[in-house]
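These notes are about the structure you will find just below.
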Amino acid sequence: MTTVRIPAGWPATEEQALAVQDELRSRVVLDESGPPPGTGRVTGVDVAYDDERDVVVAAAVVLDAATLDVVAETTATGQVSFPYVPGLLAFREIPTVLAALDALPCDPGLVVCDGYGLAHPRRFGLAAHLGVLTGLATIGVAKNPFTFTYDDPGTARGSASPLLAGTEEVGRALRTRDGVKPVFVSVGHRVDLDNACAHTLALTPSYRLPETTRRADSLCRRALRTTTA
DNA sequence: GCGACAG
DNA sequence: ATCTTGTCGC
């Protein structure tokens with residue numbers, strides 16, 4: 001497992017982090033539809049923390065998009081690089097996630113993040129940020145609606161409703177399992193919202209959350225236990 | 001001014 | 001995110 005230190009120049013205060021978001025958000029690409037679902041590769045990234053020991057472990061798990069079989073997986077460990085502040089989650093996760101992605105032996109294809117992309121107070125959440133830094137196609141699939149509002153989608157898998165910041169659609173509440181709480185999908189980089197939702201449905205044949213995030217979540221937790229123990 | 005608030 | 005066993009149900 002590779003180890004990373006906090007990058008030189010990494011924001012140390014909320015004001016610095018806000019300035020970075022402000023500078024980078026213009027680089028998000030929104031005029032590409034993205035790779036078609038069910039083709040190529042799809043990669044899940046997630047992190048687990050041990051705040052007591054100031055340790056964060058990231059995992060990247062690459063799946064074959066057609067079969068959802070695992071093609072490759074990596075982990076990376078690092079120091080916690082930022083406190084959790086709503087709206088600044090990316091600064092806590094990105095250095096270690098980048099290290100995990102760098103360690104992959106193959107192209108990750110579309111990257112699925114555990115959190116938001118454009119559904120963000122400044123329209124620059126984790127998935128958008130990671131996309132801009134890597135150039136990869138990214139989407140965000142979150143478990144909670146954050147501060148946004150939505151009308152409950154129909155009860156059937158595949159039903160969706162707009163995720164709203166006021167009247168602006170920043171993402172979609174998407175039902176991935178009949179009668180189960182929806183997930184909250186938003187665009188990251190180089191993928192449109194319809195395609196992001198199509199990918200999310202392709203990644204949820206059996207569970208509420210995408211196979212990518214399920215796999216990445218269990219891997220980084222396992223790796224953290226091993227590191228901590 | 002006081003909460004709420006992705007992970 | 002994390003603290004945490006068993007239990008009800010498909």
Side-chain angles (χ1 to χ4, degrees), chain A residues 11 14 17-18 20-21 25 28 44-61 75-98 100 111-132 138-150 155 157 163-166 168-174 176-189 193 196 200 205-210 212-229:
Chain A
E14 294 189 24
L18 291 172
V20 170
Q21 290 184 333
R25 65 178 163 185
V28 177
V45 293
D46 194 17
V47 301
Y49 301 98
D50 182 347
D51 276 305
E52 298 295 293
R53 305 186 183 221
D54 204 43
V55 168
V56 51
V57 173
V61 180
T75 57
T77 186
Q79 297 177 286
V80 172
S81 51
F82 209 84
Y84 173 64
V85 178
L88 300 178
L89 178 66
F91 295 94
R92 192 168 163 77
E93 310 208 334
I94 277 187
T96 317
V97 167
L98 285 177
V111 177
V112 180
C113 297
D114 188 11
Y116 282 122
L118 291 197
H120 178 271
R122 292 165 294 282
R123 307 295 177 266
F124 196 66
L126 171 64
H129 198 146
L130 187 65
V132 165
T138 62
I139 66 172
V141 180
K143 300 181 282 296
N144 297 291
F146 201 13
T147 59
F148 305 107
T149 60
Y150 67 100
T155 185
R157 163 177 156 86
L163 184 66
L164 299 172
E168 177 186 359
E169 181 178 33
V170 294
R172 210 164 277 165
L174 177 66
T176 54
R177 296 284 289 160
D178 290 354
V180 173
K181 175 179 175 173
V183 298
F184 303 90
V185 179
S186 60
V187 160
H189 186 61
L193 186 54
T200 302
S206 314
Y207 297 95
R208 174 184 176 234
L209 296 179
T212 39
T213 54
R214 287 169 41 78
R215 287 258 169 55
D217 181 73
S218 66
L219 178 56
C220 66
R221 290 193 200 217
R222 254 184 292 134
L224 179 64
R225 276 192 3 169
T226 304
T227 298
T228 296

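Worth knowing before you read on, the calculation uses all heavy atoms, side chains too, and leaves out hydrogens, waters and symmetry mates. In what follows, chains carry the letters A, B, and so on, assigned in the order in which the sequence lines appear, proteins first and then strands, with residues in each chain numbered from 1.
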Nearest-Å distance for atom pair [atom1]/[atom2], residues [X] and [N]:
X: Arg122(A); N: dA6(B); atom1: CZ; atom2: P; result: 14 Å
X: Asp178(A); N: dG9(C); atom1: CG; atom2: P; result: 20 Å
X: Phe146(A); N: dA6(B); atom1: CZ; atom2: C1'; result: 5 Å
X: Arg221(A); N: dT4(C); atom1: CZ; atom2: C1'; result: 12 Å
X: Phe148(A); N: dG7(B); atom1: CZ; atom2: C1'; result: 14 Å
X: His120(A); N: dG7(B); atom1: NE2; atom2: P; result: 13 Å
X: Glu93(A); N: dT2(C); atom1: CD; atom2: C1'; result: 14 Å
X: Lys181(A); N: dA6(B); atom1: NZ; atom2: P; result: 10 Å

What does [X] touch in the nucleic acid at a heavy-atom separation under 4.0 angstrom: a base, only the sugar-phosphate, or nothing?
X: Gly140(A); answer: nothing
X: Ala119(A); answer: nothing
X: Asp51(A); answer: nothing
X: Leu163(A); answer: nothing

### Query
Under a 4.0 Å N-O cut-off, is there an ion pair linking Arg221(A) with Asp46(A)?
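No.
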### Message
Do the side chains of Asp217(A) and Arg222(A) get close enough for a salt bridge, i.e. N-O under 4.0 angstrom?
### Response
no
### Task
Report yes if the distance between the aromatic ring centroids of Phe146(A) and His120(A) is under 6.0 Å, otherwise no.
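Not close enough - the centres of the two rings lie 6.0 Å or further apart.
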### Query
Can the ring centres of Tyr84(A) and Tyr49(A) be said to be less than 6.0 Å apart?
no
### Query
Do we get Arg214(A) above Tyr207(A)'s six-membered ring, with its NZ or CZ under 6.0 Å from the centre and within 45° of the axis?
yes
### Message
So is the aromatic ring of Tyr84(A) stacked onto the base of dG7(B), judging by whether the centres are under 5.5 Å apart and the planes are under 30° apart?
### Response
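It does: the ring sits over the base of dG7(B).
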Within less than 4.0 Å of OP1 or OP2 of [N], is there a side-chain N or O belonging to [X]?
X: Arg92(A); N: dA6(B); value: no
X: Asn144(A); N: dG7(B); value: yes
X: Lys143(A); N: dA6(B); value: no

### Which nucleotide in dG7(B), dT2(C), dA6(B) has an atom nearest any side-chain atom of Leu224(A)
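From the listed options, dT2(C) comes nearest.
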### Message
By nearest atom, which of the nucleotides dT2(C), dG7(B), dA6(B) is closest to the Leu126(A) side chain?
### Response
dA6(B)
